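Worksheet: one structure, shown below.
The shown structure was predicted, so the numbers you read here are calculated from the model rather than taken from an experiment. Every chain is numbered from 1 and lettered A, B, ... according to where its sequence line falls, protein lines coming before strand lines.
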2 protein chains.
Amino acid sequence: MATTIKDVAAAAGVGIATVSRVLSGTGSVSAATRERVLAAARALDYRPSAVGRSLKTRRTGGIGLVVPDVTDPFCAELVAGVLACARSLGEHVLLDAAHGDPEREAAIVDRLVEQRVDGIIALPAGDVAAWESAVRVGCAVVFADRALPALPAVPAVLADDAGGVRALTEYLTGLGHRRVAYLGAAGPGQAPGVRERAFRDTLAGLGLPVHEDLVVAARPERDSAYAAAAGLLQRGTDATAVLAAGHLLGEAAVLVARELDIRVPADVSIAMVDDVPWAELCDPPLTAVARPGHDMGYRACEAVLRDSARRGAHRPVPLPTELVIRGSCGPPRGARGGRRASGDPRGGR
Amino acid sequence: MATTIKDVAAAAGVGIATVSRVLSGTGSVSAATRERVLAAARALDYRPSAVGRSLKTRRTGGIGLVVPDVTDPFCAELVAGVLACARSLGEHVLLDAAHGDPEREAAIVDRLVEQRVDGIIALPAGDVAAWESAVRVGCAVVFADRALPALPAVPAVLADDAGGVRALTEYLTGLGHRRVAYLGAAGPGQAPGVRERAFRDTLAGLGLPVHEDLVVAARPERDSAYAAAAGLLQRGTDATAVLAAGHLLGEAAVLVARELDIRVPADVSIAMVDDVPWAELCDPPLTAVARPGHDMGYRACEAVLRDSARRGAHRPVPLPTELVIRGSCGPPRGARGGRRASGDPRGGR
DNA sequence: GCACAGGATGGAAACGTTTCCAACGTGAGG
DNA sequence: CCTCACGTTGGAAACGTTTCCATCCTGTGC
């Protein structure tokens, strides 16, 4: 059915080795033969089969990409970066979404290994065993955006989240806020993430107390984020600013504030990590920490191919973030009216 | 280096055919042998090679997906749908972005054909030749979201864009608008798209005139959209409502309106096609026509695999859209006699 | 006790490439 | 005129599977 190199060889009246040489450009062939082969290939609509080639060359030219969710703007940006790099390096990309489910992630990784991708890039959900086994069978793996502490040997391309949160915390406190809420902390049983730690450390470094009641736990999912934001903003608005640890948290904060008729930034300032497109569209535009998603994807792709060439030169320098100041943050309410931020009651509106 | 089926066979003391039978579950093997093989496979960390298998079975289990841009929320939604279906059908997905460039698209399609994907799903950019050649060599192709008029033989999964625009147009005129602008028309030399045609037809059907000066051309790209929106809204605001033909156009309209201090919906109503997440976040929340991106992706994936089983049963029924009414549209300014903006039936906050 | 059915098993071919290696001119240098 | 080098060329092996087919063995029915 499908035409193979053999058909082309027969049609051109040459051996298959010659066809291969012509089409791959290697070796030497006379100009006349080359023309004949090319003509035959064109006439027969011949498309070389990558699977035959891959079997022989032991390289598929594919790289696997595992993200939590393609519809997440940050993930999408990162995917775009990987795509861009892959294209420029002549590779293609196998994409799948794990949706935060380690089991699903394990299944995806297994499949990618079976497919013999040249390398895998992942925003890991946490299935340590699957990743271990992947690297054990010799698959190049690079993490992006976040790493797995249990697997320090796997290179990771990270953003300077801590620096971003620090800049944001300093900015808010610099505006006069003394009761800054942190939305998106780790749950009771879990270890705090880098962002939460940066938040706490920055406040501590500034000699300011961390109000534990303002550090609220939330997973980066819409319902969890919304519930947490509602819980935070409903109970008398004693926080004068909210630092959302991710764009889903920020979205929730904006939504809840609007529903509760809390004015931004007059009543409460809001800022978040991740400068997604809608940050500029909402009213007022949201101040955010931009993380270089595209760049991270691009670099992860470079790294995974470099690594697949077996030169494991880790470059653990985190990529810089940028604080993008828009209109959603101002001085704490009452700061200009004589009422000091310290004993600020829940006067509200 | 990598362990193959031969190694497993040797380790288990059986033939490779037996290993294959055990691992693929076909044929009959004694329980004892099965255990021995399984143990050997586990001990050796054996991962069957999909490329070997694909070569023999002539199916790769991969499907190609070509979109304009992964960072576009609608595309991302569609990709997610394809991913979901592919997963449930045991396939994997090769993704690439053409960025509206036919040449790039052709290169991507060529590569996917080389990779011997079981089928290709695409939001085509327009490279007719590449698609023709792909179907000629026997590759199953399904278009999604838009079709290529030059290739009527390729099945397409479409949304009822015309119905959506009609609903939106009727809604706006129903609010009393007589000067509705259409943002995102085809350029001078090009044929109008389905949406523009639906807009015109609906007005005509209502016995209302189409104001040609309010039908402004724009490509669905940020700069083009912004320029068009600025051009439209700056020249005295003679339009009382803007129908944006896509979310990028809608975004531009919102941004320009804010910069020009045009109140929405008091001064001008804005609505758009594509109910992307930020529509709910902006202020006021944007009325939009929701198109089932996820569903379209899912169905396109089903169709392409059905089709690859060579049963080309086209189902050209367009998927329904839904008009999601939020706060960005109200009666035209001055409709109530004075300049009263409050008392809108649709309170835009 | 013997033929036969049928389950279990291994050998080998095939899938479509790439690439090593041998063979075959053919022209040049001795 | 012979040899040697070199550019061209084709055969064949290898890559890792699946699967057809033949073989072997164990019961079973007569």
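Looking at the side chain of B/S20, the nearest of the listed nucleotides D/dT18, D/dA12, D/dG10 is D/dT18. Among the nucleotides C/dA8, C/dT17, D/dT18, the one closest to any side-chain atom of B/T33 is C/dA8. Of the candidates D/dT19, C/dG10, C/dT18, C/dG10 carries the atom nearest the B/V14 side chain, counting heavy atoms from C-beta on. Proximity note for A/K56 (side chain, C-beta onward) versus D/dA14, D/dT19, D/dA12: the nearest is D/dA14. Each of D/dT17, C/dA8, C/dT18 was ranked by its minimum atom distance to the side chain of A/R116; first place goes to D/dT17.
In this structure, B/R34 atom CZ and C/dT9 atom C1' are separated by 13 Å, rounded to whole Å. In this structure, the CD atom of B/Q115 is 16 Å from the P atom of C/dG16, given to the nearest Å. Counting to the nearest Å, the P atom of D/dT18 and the CZ atom of B/R59 are 14 Å from each other. Between the CZ atom of A/R53 and the P atom of D/dC15 there is a distance of 19 Å, given to the nearest Å. Regarding A/R36, its CZ atom lies at a distance of 14 Å from the P atom of D/dT8, rounded to whole Å. With rounding to whole Å, A/I16 atom CD1 is found 10 Å from C/dT18 atom P.
Atoms NE2 and CG, on A/H92 and B/L94 in that order, are 4.5 Å from each other to the nearest 0.5 Å.
A/S54 comes within 4.0 angstrom of nothing in the nucleic acid, heavy atoms only. Looking at heavy-atom distances under 4.0 Å, A/S30 makes contact with sugar-phosphate atoms alone, never a base. Using a 4.0 Å heavy-atom cutoff across all strands shown, B/S49 reaches sugar-phosphate atoms only and no base atom. Nucleic acid contact for A/G15: sugar-phosphate only, since backbone atoms but no base atoms lie under 4.0 Å from a heavy atom of the residue. B/V51 comes within 4.0 angstrom of no nucleic acid atom, judged by non-hydrogen atoms across all strands. Backbone-only contact: B/T4 has heavy atoms under 4.0 Å from sugar-phosphate atoms and none from a base. Using a 4.0 Å heavy-atom distance criterion, A/R47 is classed as a sugar-phosphate-only contact.
Taking the nucleotide of DNA chain D with the nearest heavy atom to each of B/L55 and B/R21, the more 5' of the two is matched to B/L55.
Looking only at side-chain heavy atoms (C-beta outward), A/D110 and B/R47 come within less than 4.5 Å of each other. The closest side-chain heavy-atom distance from B/P68 to B/R146 is below 4.5 Å.
The minimum heavy-atom distance between A/A86 and A/V93, with the atom names listed, is CB-CG2, 3.6 Å. Nearest heavy atom pair, residue B/Y298 against residue B/S88, reads OH-OG, 3.4 Å.
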